[in-house]
Amino acid sequence: MTLENIKIGVIGLGYVGLPLSVEFGKKYQTLGFDINQSRVNELLNGHDATLEVSDEELKNAPLMSYSFNASDLKECNVYIVTVPTPIDDNNTPDLTPLRKASEMLGLYIQKDDVVIYESTVYPGATEEVCLPIIEKVSDLKFNQDFYAGYSPERINPGDKVNTLTKIMKITSGSTPEVSNFVDELYASIITAGTHKAESIKVAEAAKVIENTQRDLNIAIVNEFAKIFNKLNIDTEQVLKAAGTKWNFLPFKPGLVGGHCISVDPYYLTHKAQEVGYRPEVILAGRRINDGMGEYVATQLVKKLSSQKIHIDEAKVLILGFTFKGDCPDVRNTKVIDIVKELKDFNMSVDVYDSWANPDEVKHEYGIELIDTLEQDKYDGVVLAVDHDELKAMGEEKLRALGKENHVLYDVKHVLTPSEADIRL
């Protein structure tokens with residue numbers, strides 16, 4: 001197969017699939033497929049609610065088309081799978097979206113076609129789980145009748161600087177020839193270049209450790225913060241001082257949510273345990289980061305109590321609900337942990353976030369976002385997400401939301417130590 005005669009089908013039009021589709025749609029016949037009909041209709045009307053792709057960019061992909069009809073995929077000969085890979089309530093990988101996408105592809109894939117997976121998985125998942133499903137449904141033989149590649153996504157939601165084409169892409173293929181084809185395909189749109197991995201498993205492993213390493217770096221800083229809070233030392237000031245050394249890594253404490261960093265380590269630990277190795281450091285880091293929402297809530301409760309504010313009747317405002325600043329993504333947000341913990345103390349909790357979709361928050365988390373901010377109302381104000389609009393408020397406007405006696409908690413180190421009553 002050559003790049004001259006390809007038609008690409010991208011399965012999944014979320015934060016990863018849509019930007020990829022649009023880039024390919026500038027050069028190749030590309031079909032963006034999603035089972036969500038309202039999502040497809042939204043894109044057909046020229047708008048992306050995730051804000052990853054602007055309305056103008058959607059117009060500048062002349063070879064791009066959209067569909068929620070799976071049978072349209074039969075016209076394609078290169079398939080790229082970008083469906084979610086979440087975890088379940090037991091922190092076990094949930095490969096249901098991948099399995100269903102593979103079953104669907106099995107209905108339409110034809111001889112000599114290539115399927116490329118981008119979803120983050122544990123090493124071996126593509127060849128051990130996904131491709132056997134395609135074989136079974138299609139009656140085609142892998143690496144004889146059809147071929148595969150793996151090129152992990154590196155999208156950073158909300159990041160308008162490190163966009164798709166500016167991030168080096170890892171590529172891989174099931175044979176040397178396919179590996180070259182996959183690399184050439186991505187190299188044609190990725191200006192930052194590509195790195196051709198030696199195998200699909202190497203590419204899978206590389207992706208899953210990227211976010212695991214970041215998770216651990218944040219975990220150690222979160223542990224530092226807990227220690228320094230007990231010692232009554234400002235964590236940010238310590239990090240600034242330590243950061244004057246050339247090889248000190250500039251990580252900050254915080255809530256670790258989202259679709260990648262808080263999920264991917266569990267994919268690696270799942271596979272490790274499956275082959276008889278019990279991870280220690282990775283799981284320890286996960287425990288620390290998973291517990292930070294509860295820690296923030298507990299710190300707030302202690303401070304409220306120290307100021308003689310009755311916990312049972314306290315009203316708390318949470319500013320921000322998305323998993324990161326200036327991004328509408330609420331997937332796996334850890335702000336929900338703060339909300340739940342405070343409600344367990346029988347507090348009244350309001351949540352404000354102009355970036356988040358109220359319907360999505362209600363559906364996924366059962367929370368009604370408030371749409372206006374009232375002054376002199378709250379015993380506690382928690383700046384949980386560093387949206388630019390919230391940072392711009394400053395101490396005076398943030399404190400104006402609180403009663404005469406209140407606590408202002410700065411989770412994101414937006415304020416100075418003297419401006420906030422507590423900082424993480």
Between Ser151 and Tyr117: side-chain donor-acceptor atoms closer than 3.5 Å: no
If you draw a 6.0 Å radius around NZ in Lys308, do more than 12 non-hydrogen atoms from other residues or ligands fall strictly inside? no
Salt bridge (charged side-chain N to carboxylate O under 4.0 Å, His left out), paired with Lys169, selected from Glu118, Glu184, Glu153: Glu118
Pro328 to Ala49 - nearest heavy-atom pair and separation: CG-O, 4.1 Å
Does any pair with a residue in residues 332-343 pass salt bridge (charged side-chain N to carboxylate O under 4.0 Å, His left out), and if so which ones, sequence neighbours excluded? Asp290-Lys334
Residues forming a salt bridge (Lys or Arg N to Asp or Glu O under 4.0 Å) with Asp48, sequence neighbours excluded: Arg39
Would you call Asp421 and Arg399 a salt bridge, using N to O less than 4.0 angstrom? yes
Sort out for me which residue in Tyr79, Phe142, Phe146 forms a side-chain contact (heavy atoms from CB on, under 4.5 Å) with Ile134. Phe146
Between the side chain of Ser174 and the main-chain N/O of Ala148, is any donor-acceptor distance below 3.5 Å? yes
Mind listing the closest non-hydrogen atom pair of Arg331 and Phe323 along with its distance? O-CB, 4.1 Å
Mind checking what makes salt bridge (Lys or Arg N to Asp or Glu O under 4.0 Å) contact with Lys136, not counting sequence neighbours? none
Closest approach of Val161 to Lys166 (non-hydrogen atoms, all atoms of both residues): O-CD, 3.2 Å
Just checking, any donor-acceptor pair under 3.5 angstrom between side chains of Asp94 and Thr96? yes
Could you give the distance from CD1 (Ile282) to OH (Tyr266), rounded to the nearest 0.5 Å? 11.0 Å
Restricting to non-hydrogen atoms, name the atom on Val330 and the atom on Tyr365 that form the minimum distance, rounded to 0.1 Å. O-OH, 2.6 Å
Taking atom types as modelled and ignoring hydrogens, do the side chains of Asn222 and Tyr295 form a donor-acceptor contact shorter than 3.5 angstrom? no
Treating Glu364 as the side-chain partner and Glu360 as the backbone partner, does any N or O pair qualify as donor plus acceptor under 3.5 Å? no
When you measure from the side chain of Asp410 to the backbone N and O of Val414, does any donor-acceptor pair fall under 3.5 Å? yes
Does any donor atom in the side chain of Asp329 or Thr322 lie under 3.5 Å from an acceptor atom in the other side chain? no
If you measure only the distance, is there a donor-acceptor pair under 3.5 Å linking the side chains of Asn156 and Asn162? no
Value rounded to 0.5 Å, distance of CG in Asp183 from OG in Ser188: 10.0 Å
How close do Leu164 and Pro19 get, counting heavy atoms only, and between which atoms? CD2-O, 3.6 Å
With a 3.5 Å distance limit and no angle check, can you tell me whether Ser172 reaches the backbone of Gly149 through a side-chain donor-acceptor pair? no
Under 3.5 Å, is there a donor-acceptor pair linking the side chains of Ser199 and Tyr150? no
Using the side chain to side chain donor-acceptor pair (under 3.5 Å) rule, pick out the option among Thr416, Asp234, Thr235, Asn229 that qualifies with Arg423. Asp234
Any luck finding a side-chain donor-acceptor pair between His47 and Asp55 under 3.5 Å? yes
Backbone N/O of Leu317 and side chain of Asp350: donor-acceptor pair under 3.5 Å: no
Partners meeting salt bridge (Lys or Arg N to Asp or Glu O under 4.0 Å) with Lys100 (sequence neighbours left out): none
Would you mind reporting whether Leu20 and Ile80 have side-chain heavy atoms less than 4.5 Å apart? yes
May I ask you to say whether Lys201 pairs ionically with Glu204, meaning some side-chain N is under 4.0 Å from a carboxylate O? no
Between Lys196 and Asn180, do the side chains contain a donor N or O and an acceptor N or O under 3.5 Å apart? yes
Sorted by first residue and then second, give each salt bridge (charged side-chain N to carboxylate O under 4.0 Å, His left out) pair with at least one member in residues 293-307; sequence neighbours left out. none
Donor-acceptor pair between His259 and Asn332 side chains, under 3.5 angstrom: no
Taking Gln307 for the side chain and His406 for the main chain, is one N or O donor matched with an acceptor at less than 3.5 Å? yes
Do the side chains of Leu73 and Leu107 get nearer than 4.5 Å, heavy atoms only? no
Closest heavy-atom pair and its distance - Ala219, Asn289: CA-OD1, 3.2 Å
Does atom CD (Glu274) have a neighbourhood of more than 12 heavy atoms from anything else shown, all under 6.0 Å? yes
Beyond-backbone contact of Leu300 with Leu304, side-chain heavy atoms, under 4.5 angstrom: yes
With sequence neighbours excluded, residues passing salt bridge (Lys or Arg N to Asp or Glu O under 4.0 Å) with Glu23: Lys26
